[in-house]
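The structure appears right after this line, and notes come after that.
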Amino acid sequence: MSTVALLLVTGLGLGALYFLVAAGLSLIWGLMRVLNFAHGAFFTVAAYAGWVASRSIGTGTWGQWLLSVVVGIVTGGVFAALAEVVLIRPLYARHVGQVLVTVGLALATLALVEGGFGTDPVQLVLPAWMGDTTTILGANVPNTRLLAIVAAALVLAVLLFFLRRTRFGLIVRAGVENRAMVQALGIDVQRAFTLVFAIGGMAAGLAGVLAGAYFGTIDPARGTTMLIFAFIVVVIGGLGSVTGSAVAAVVVGVLQQFLNFYAAAGVGDFSVVLLLAVVLLVRPGGLSGATA
Amino acid sequence: MTARIRPLVAVAAAVVLALFPLAGLTIPGLFDGPLSAPGTLNLLGLCFVFGALALTYDLVFGYVGLLSFGHALYFATGVYVTAIALARWHLGLGQALLVTAVVALVLPLVLGAICLRMRDIPFAMVTLAFAQAGSILVLQNPFGLTGGEEGLALGADALPPGLVGVINTPHLYWIALAFLVVTYAIAWWAVNSRPGRVWQAIRENERRVGVLGLNPYLYKLGAFVLSAFLASAAGVVYLLLQGGANPQVTTADFTLSLLVMVVLGGVATLWGAVLGGVVYEYLDFRLVGLANAPALQALPPVLRVPLSQPLFILGALFVVLVLFVPGGLAGAVRRTRGGAR
Amino acid sequence: MSAEPVPLAAPLLALENVDVRLGGSHILQSVGFSVREGGITGLLGRNGVGKTTTLRAILGLVPRTGSIRLGGEETVRLPVHAIVRRGVAYVPEDRDVFAGLTVEENLRLAERGVEPRYDLVYELFPELQTRARQKAGTLSGGQQQMVALARALLNAGNRVLLVDEPTKGLAPLVVRQVVDALRRAADVATIVLVEQNLSVAHRLVRDAIVLDQGRVAFTGDVDQLMNDPALARRYLGLAAAGGH
């Protein structure tokens with residue numbers, strides 16, 4: 001029983017990370033029809049920026065780690081907003097071009113990070129609490145998993161509030177459904193694009209720093225892996241649906257943990273990929289049935 | 001260049017290239033050492049392989065308009081199946097090639113049949129998913145076959161003597177060159193054939209093709225399998241040149257670099273794709289060497305770090321191209337000639 | 001050809017030499033006409049002649065060349081939202097309400113700064129007030145049409161309403177409601193109405209512009225058009241022959 005509980009919570013923790021990356025991807029795709037390959041780069045750059053910034057005030061303290069969180073979120077948001085304005089916006093008429101430019105940005109950014117920091121993972125010194133465990137249903141759950149779950153739940157709540165209660169959120173929700181009609185109501189949807197990119201960047205930045213705590217290291221390669229899983233989550237959950245991404249992230253995370261443990265290492269990852277293929281074959285619109 | 005002159009130029013170029021191993025010429029700056037040196041020949045051979053590989057991707061992405069993010073899977077199939085057959089199962093080269101050919105035909109047929117039931121982004125995602133599954137599979141080293149992270153080296157006795165050793169680099173060079181020429185010929189023939197025209201019609205407007213009574217699904221599957229099969233063949237040649245298999249060729253980054261190559265060279269122009277592949281591989285190789293150049297080492301870190309990373313330069317170049325030169329290198333060449341697009 | 005109605009003032013909307021090419025077809029060819037301020041101008045013609053495309057061209061939803069002047073100002077270079085902000089509202093053929101949003105949210109989205117005319121809208125369509133929290137996707141066709149019309153009427157600044165086949169697929173009782181709403185709307189705005197239902201068109205429309213194969217084939221009084229069997233049959237199809 002305690003094993004199941006442990007797997008469940010760690011699966012949720014992993015799912016939390018996936019959700020943070022997937023939520024932004026989902027909105028960007030839903031509103032702008034852009035497949036943002038640079039999202040993993042936002043994740044990675046934010047993680048390293050947070051680490052570099054916080055090193056100056058010491059290691060292993062909460063203050064230092066929270067500073068890295070703030071810097072990570074801000075870096076992710078700013079980087080994403082700049083990318084949208086400088087690279088995506090000029091290519092408004094060229095859809096495939098927009099995707100390609102994010103690919104180029106991702107490649108260049110990853111190379112830059114590897115050049116500056118090397119390809120080996122960086123060991124982090126974290127607050128002591130993060131190395132401890134909490135007992136839940138007889139299982140010793142690492143605290144970092146709980147931290148990730150709480151953070152993701154908070155972000156989900158904030159995002160849903162933004163979408164349901166603000167005018168911008170209204171525009172985004174309508175735009176995901178029918179961008180042309182929103183324009184035909186006299187609303188300049190393009191201004192929402194930068195905001196959506198920034199939100200996605202901030203969430204990805206938070207995920208980058210959290211992943212550092214989760215895994216205990218910062219790794220330039222992690223962004224790409226996270227991106228692929230996030231893509232899978234977005235497609236399974238339904239492009240453009242934040243709640244769909246949340247549900248799918250939980251399913252993917254938990255499935256991955258259970259299978260990796262009960263079958264063999266790697267089988268979980270493999271089956272997540274197969275799950276995507278199955279879902280798409282049965283329901284091309286994803287779980288929430290949103291238009292692809 | 002009119003359509004009639006172009007094949008002649010291509011043949012002439014191929015002949016000139018074939019003579020490289022016999023020439024003692026040196027092109028300073030471009031290559032370290034004379035053209036006949038094994039290092040240069042090996043680099044050129046790799047460039048040819050990537051040119052051919054980019055060509056196969058141009059078929060499926062440029063001509064049919066299928067945004068596949070899993071093309072690397074088929075290249076890796078060629079690399080790994082042959083490597084396993086030679087190194088683990090100790091088959092002869094002929095038998096290994098036969099096994100690879102069968103897999104290279106069946107795998108894209110099955111996967112393509114599944115993936116092509118979707119369009120656009122879902123299609124791209126499923127292809128990515130399958131490629132990722134392949135990558136995970138390789139890294140897991142099932143039954144010790146693939147060598148996991150370390151890759152799989154071909155021992156000296158795995159290949160016929162004519163293909164082993166530095167002395168025989170010219171042989172591998174010629175194989176790579178011949179492969180490029182043959183692939184180009186096949187691609188050219190395919191694109192100009194009736195199915196090829198249907199492919200381009202599908203890229204423009206798939207529904208209209210259906211209205212004409214043709215089944216777009218079958219045509220897409222045909223293009224998919226053909227390009228995947230040729231990609232696997234490229235993988236075999238690559239294996240011969242490298243002497244071993246490396247899991248890097250199974251990664252999503254690798255497929256993305258194929259995308260970069262094709263866009264770099266110019267989508268839906270065969271020679272553009274070849275050029276893109278050749279230039280990309282060349283830059284990737286040479287820029288690493290440049291990174292160690294003393295002039296570069298003297299620069300402040302802000303400049304030195306980015307410039308010493310080939311992928312940074314390639315990625316940045318790619319971004320610039322997409323923004324300002326949409327037709328890629330081929331498009332730029334056409335424009336300087338004053339010809340209409 | 002018939003005499004053009006003499007405008008009493010400069011036209012509110014003037015098209016000149018408008019061409020639209022889409023997917024290889026030359027849908028609109030040198031289309032030109034003017035719409036005078038006030039009342040309902042009908043854009044008529046058989047299926048597929050380009051009526052919907054004309055409305056979309058005015059809005060900028062399709063690439064177009066030529067001249068489209070709104071209140072004297074050239075709009076052909078402007079993006080969609082800028083044209084709409086200058087006082088053009090669109091009620092599309094498929095209604096295009098946002099299914100995932102509630103009725104209230106659909107209306108709120110259409111608000112644009114100046115005091116929105118909810119009193120007018122709720123007077124014309126009281127059901128929208130009772131169903132305010134209902135998701136627009138669950139509404140009937142007629143109710144969705146009301147939302148679409150209400151959106152256009154909400155802003156006093158909307159000088160021109162482009163309405164595309166508002167009675168399509170609706171029950172007779174609902175058609176009546178829409179006709180009444182359009183009549184009321186014509187008191188506060190100029191309407192360009194595309195309508196296949198010729199009895200509705202004859203009831204509502206004053207000036208008629210008829211399209212035939214992407215070109216303007218007739219402009220004039222709607223009575224003139226409908227009461228001439230030969231003209232009616234040629235431009236509007238057999239159903240029109242014999243009046244309403």
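Model, not experiment: these values are computed from the prediction. Sequence lines set the chain letters: A, B, ... in the order given, protein chains first and strands last, and positions in each chain run from 1.
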Worksheet item: Just wondering, do L13(C) and L15(C) contact through their side chains at under 4.5 Å, heavy atoms?
Response: yes
Worksheet entry | I209(C) vs V192(C) side-chain heavy atoms within contact, under 4.5 Å | no
Worksheet item: Given that the side chain runs from C-beta out, which part of P92(C) has a heavy atom under 4.5 Å from chain A: side chain, backbone, both or neither?
Response: side chain
Worksheet entry | ring-ring contact (aromatic ring centres under 6.0 Å, His included) pairs, two or more places apart, involving residues 116-159 of chain C | Y118(C)-Y122(C)
Worksheet item: Side chain, backbone, both or neither: which part of L59(C) has a heavy atom under 4.5 Å from chain A?
Response: neither
Worksheet item: Are any of the side-chain heavy atoms of F19(A) and V233(A) separated by less than 4.5 Å?
Response: no
With 3.5 angstrom as the limit, list the donor-acceptor pairs from chain C to chain A, or say none if there aren't any.
residue	atom	partner	partner atom	Å
H81(C)	NE2	D188(A)	OD1	3.4
R85(C)	NH1	G186(A)	O	2.6
A99(C)	N	E177(A)	OE1	2.8
A99(C)	N	E177(A)	OE2	3.3
G100(C)	N	E177(A)	OE2	2.7
E105(C)	OE2	R173(A)	NH2	2.7
R108(C)	O	R167(A)	NH1	3.0
L109(C)	O	R167(A)	NH2	3.1
E111(C)	O	R167(A)	NH2	3.4

Worksheet item: What part of V182(A) gets closer than 4.5 Å to chain C, counting heavy atoms only: side chain, backbone, both or neither?
Response: both
Worksheet item: Non-hydrogen atoms of chain A under 4.5 Å away: do they reach the side chain of A152(C), the backbone, both or neither?
Response: neither
Discussion item. Contact between V279(A) and V235(A) at the side-chain level, heavy atoms closer than 4.5 Å - yes or no?
Written reply: no
Item to complete: State whether the number of non-hydrogen atoms from other residues, nucleotides or ligands found under 6.0 Å of Q213(C) atom CD is greater than 12.
Response: no
Discussion item. Looking at every non-hydrogen atom in both residues, tell me the closest pair between A136(C) and F98(C) and how far apart they are.
Written reply: CB-O, 3.4 Å
Worksheet item: Do F79(A) and F43(A) make the cut of ring centroids closer than 6.0 angstrom?
Response: no
